[in-house]
Q: 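Input: one structure, supplied below.
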Amino acid sequence: MIHKLVELVAKVKRVLQRWGVISASKEEVKLLGSVGSPFVIRVQIALKLKGIEYKYVEEKLGYLSETLLNYNPVYRMVPVFVHNGKPISESRVILEYIDETWKQNPILPNDPYQRALARFWSKFIDDKCVAAAWKSVFMPNEKERSQASKELLEALQFLEKELKDKFFGGKEIGFVDIAALFIPLFQEVAEFQLFTSEKFPKLYKWSQEFYNNPIVKEIMPSKDQQFAYFKARAESLAAPSK
């Protein structure tokens with residue numbers, strides 16, 4: 001009877017581990033990042049939402065460790081997520097891996113069509129919003145900065161129409177919300193007015209709800225830390241390639 005009970009407990013434990021409810025005893029979770037990086041913050045929010053314990057390893061921009069370069073030789077940048085010795089790069093890819101590995105508190109929708117839409121809009125944010133925001137501030141040519149600002153405002157109009165609830169993910173923070181954190185963060189740190197309550201009322205309200213979420217507030221670095229990251233990132237982009 002006791003033997004059968006032990007077997008049952010072990011079986012239940014294996015199922016819970018498979019579904020990410022509890023961690024395997026030798027499971028290693030590590031995140032290599034830089035304080036202030038929006039892409040690293042994305043991963044940290046997902047891990048916090050899931051309740052996953054991990055080791056954080058700080059990397060300095062311009063002086064990346066050999067460990068990081070070995071883990072991510074293609075792009076040579078943070079974040080790098082390491083699960084049981086296996087490295088994964090690119091923040092959106094990492095978010096999907098985390099959601100598929102740990103099933104609790106899902107950040108992607110269950111419905112295949114809605115999942116596809118979430119992937120589409122998260123890629124749209126990186127391609128059309130993040131890139132344009134960087135160019136709007138860091139491009140040395142004034143004409144190029146002006147064009148990038150115009151492209152960014154056009155992209156934000158699409159997001160304004162797409163936002164139909166408290167969050168892009170519905171009532172709770174989801175995949176697209178985490179991807180979109182770059183937008184209000186950039187507005188605050190770079191003091192670049194991406195949107196106002198008059199021009200983009202839904203996005204503006206979303207940004208307030210998002211940043212006032214207890215988990216987001218806990219994860220978000222100070223404004224000084226974020227500014228230091230943006231400054232270092234701009235300097236690294238401006239430096240001549242070796």
Side-chain angles (χ1 to χ4, degrees), residues 20-21 29 31 33-54 56 78-79 81 91-111 114-115 117-126 129-130 133 155-156 158-197 199-230:
V21 177
V29 181
L31 175 63
S34 297
V35 171
S37 164
F39 304 106
V40 174
I41 296 170
R42 282 176 173 177
V43 180
Q44 290 175 310
I45 289 175
L47 290 169
K48 188 67 177 180
L49 285 170
K50 295 279 189 178
I52 302 165
E53 294 185 5
Y54 65 97
Y56 177 78
V78 297
F81 183 74
S91 62
R92 286 187 291 116
V93 176
I94 295 170
L95 292 182
E96 290 204 46
Y97 177 85
I98 290 172
D99 202 45
E100 291 172 358
T101 304
W102 291 275
K103 303 298 183 181
Q104 70 273 22
N105 304 326
I107 58 175
L108 274 163
N110 290 323
D111 178 74
Q114 294 301 322
R115 289 170 71 89
L117 287 180
R119 292 187 178 103
F120 172 86
W121 286 112
S122 64
K123 187 175 188 304
F124 173 87
I125 288 164
D126 277 0
C129 299
V130 175
L156 290 176
F158 282 104
L159 290 179
E160 176 77 7
K161 293 177 182 177
E162 178 62 20
L163 184 57
K164 299 177 177 67
D165 209 324
K166 181 178 179 180
F167 297 110
F168 287 98
K171 300 299 181 184
E172 303 293 337
I173 288 175
F175 191 78
V176 179
D177 301 288
I178 296 173
L181 71 83
F182 194 106
I183 300 168
L185 184 151
F186 204 91
Q187 173 167 282
E188 179 183 354
V189 176
E191 297 181 351
F192 180 63
Q193 294 301 312
L194 301 184
F195 53 81
T196 62
S197 57
K199 270 191 173 182
F200 299 97
K202 291 195 290 184
L203 277 176
Y204 184 83
K205 186 177 180 181
W206 164 82
S207 70
Q208 302 300 307
E209 294 282 1
F210 183 80
Y211 273 91
N212 284 323
N213 180 275
I215 286 178
V216 174
K217 289 181 75 172
E218 182 180 343
I219 294 296
M220 201 63 64
S222 69
K223 186 172 181 178
D224 287 343
Q225 289 173 317
Q226 294 172 41
F227 182 80
Y229 169 82
F230 277 100

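Since the structure is predicted, the reported quantities are computational estimates derived from the model, not experimental observations. Excluded from the calculations below are hydrogen atoms, water molecules and symmetry mates; all remaining heavy atoms, backbone and side chain alike, are included.
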Q: So for atom CD, which belongs to E209, do other residues, nucleotides or ligands contribute more than 12 heavy atoms lying within a distance under 6.0 Å?
A: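 Yes, because the 6.0 Å sphere around CD of E209 holds more than 12 heavy atoms from other groups.
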Q: Report the residues that fulfil ring-ring contact (aromatic ring centres under 6.0 Å, His included) with F39, sequence neighbours left out, ordered by chain and then residue number.
A: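 Per chain and number, F39 pairs via ring-ring contact (aromatic ring centres under 6.0 Å, His included) with F182.
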Q: Could you report the tightest heavy-atom contact between I107 and A46, atom names first, then the distance?
A: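 Closest pair (atom of I107, atom of A46, distance): CD1-CB, 4.3 Å.
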Q: Partners of A179 by side-chain contact (heavy atoms from CB on, under 4.5 Å), sequence neighbours excluded?
A: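 Partners of A179 under the side-chain contact (heavy atoms from CB on, under 4.5 Å) test: R42, S122, I125.
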Q: Could you pull out all residues at least two apart from Y97 that satisfy side chain to side chain donor-acceptor pair (under 3.5 Å)?
A: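 In terms of side chain to side chain donor-acceptor pair (under 3.5 Å), with neighbours along the sequence ignored, Y97 is linked to H83.
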Q: Ignoring hydrogens, what is the shortest heavy-atom contact between V40 and S34? Give both atom names and the distance.
A: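 Minimum heavy-atom contact is CG2-N, 3.7 Å.
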Q: What pair of heavy atoms forms the shortest contact from W102 to K50, and how long is it?
A: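 For W102 and K50, the tightest heavy-atom pair comes out as O-NZ, 2.6 Å.
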Q: So, using salt bridge (Lys or Arg N to Asp or Glu O under 4.0 Å) as the criterion, who are the partners of R119 when residues are at least two apart?
A: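 R119 satisfies salt bridge (Lys or Arg N to Asp or Glu O under 4.0 Å) with E96 only.
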Q: Tell me whether D99 contacts the main-chain N or O of L108 through its side chain, where contact means a donor paired with an acceptor under 3.5 Å.
A: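 Pair found, side chain donor or acceptor close to backbone of L108.
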Q: Do F210 and I45 have side-chain heavy atoms sitting under 4.5 Å apart?
A: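 Yes, side chains in contact.
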Q: Are D126 and R92 close enough that some pair of their side-chain heavy atoms sits under 4.5 Å apart?
A: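 A side-chain contact exists here, since the closest heavy-atom pair is under 4.5 Å.
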Q: Hey, is CG on N110 packed in by over 12 heavy atoms from elsewhere, all under 6.0 Å?
A: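 Counting other residues, nucleotides and ligands, CG of N110 stays at 12 neighbours or fewer.
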Q: Can you give me the closest heavy-atom contact between V43 and L95, atom names plus distance?
A: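 It is CA-CD2, 4.1 Å.
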Q: Evaluate Q226 against M220 for side chain to side chain contact (heavy atoms under 4.5 Å, CB included), listing each step before the verdict.
A: CA-CA 9 Å; Q226 294 172 41; M220 201 63 64; 3.4 Å; yes
Q: Atom CZ of residue position F158 - does it have more than 12 heavy atoms of other residues, nucleotides or ligands inside 6.0 Å?
A: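 No, the 6.0 Å shell around CZ holds no more than 12 heavy atoms from other groups.
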Q: Give a yes or no on whether the backbone of Q208 and the side-chain of N212 come within a donor-acceptor separation of less than 3.5 Å.
A: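 Yes.
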Q: Check for a donor-acceptor pair, side chain of S207 on one end and backbone N or O of Y204 on the other, with a separation under 3.5 Å.
A: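 A pair under 3.5 Å: yes.
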Q: Is any side-chain heavy atom of E162 less than 4.5 Å from a side-chain heavy atom of F124?
A: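 Sidechains of F124 and E162: no contact.
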Q: Could I get the full list of side chain to side chain donor-acceptor pair (under 3.5 Å) partners for Y56, not counting sequence neighbours?
A: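 Y56 satisfies side chain to side chain donor-acceptor pair (under 3.5 Å) with E58 only.
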Q: Would you please name every residue forming a salt bridge (Lys or Arg N to Asp or Glu O under 4.0 Å) with K161, sequence neighbours left out?
A: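 Result, salt bridge (Lys or Arg N to Asp or Glu O under 4.0 Å) vs K161: none returned.
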Q: Using the side-chain contact (heavy atoms from CB on, under 4.5 Å) criterion, which residues pair with Q225? Sequence neighbours excluded.
A: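 Result, side-chain contact (heavy atoms from CB on, under 4.5 Å) vs Q225: V35, P221, S222.
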Q: Short question: side chain of Y54, backbone of Q44 - any donor-acceptor pair under 3.5 Å?
A: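 It does not hold such a pair.
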Q: Nearest heavy-atom pair of L181 and Y211: which atoms, and what distance?
A: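 Shortest heavy-atom contact: O-OH, 3.1 Å.
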Q: Does K202 have any side-chain contact (heavy atoms from CB on, under 4.5 Å) partners at least two apart in sequence or in another chain, and if so, which?
A: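 So K202 forms a side-chain contact (heavy atoms from CB on, under 4.5 Å) with E160, L163.
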Q: Would you indicate whether the side-chain heavy atoms of I183 and L159 approach each other to under 4.5 Å?
A: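 Yes, at least one pair of side-chain atoms sits under 4.5 Å.
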Q: Check I173 against I178 and note the closest heavy-atom contact, atom names and distance.
A: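 For I173 and I178, the tightest heavy-atom pair comes out as CG2-CG1, 3.9 Å.
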Q: Atom NZ of K205 and atom OG of S197: how far apart are they, to the nearest 0.5 Å?
A: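 Nearest 0.5 Å value for the NZ-OG distance: 12.0 Å.
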Q: Strictly by salt bridge (Lys or Arg N to Asp or Glu O under 4.0 Å), give each pair with a member in residues 211-222 just once, sequence neighbours left out.
A: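 The answer is K48-E218.
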Q: Tell me, please, which residues at least two apart from K123 pass side chain to side chain donor-acceptor pair (under 3.5 Å).
A: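 D127.
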Q: Please name all residues satisfying ring-ring contact (aromatic ring centres under 6.0 Å, His included) with F168, sequence neighbours left out, ordered by chain then number.
A: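 Testing F168 for ring-ring contact (aromatic ring centres under 6.0 Å, His included), a comparison that skips the adjacent residues, returns W206.
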Q: Side chain to side chain donor-acceptor pair (under 3.5 Å) with N213: which residues, sequence neighbours excluded?
A: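 Expected list: none.
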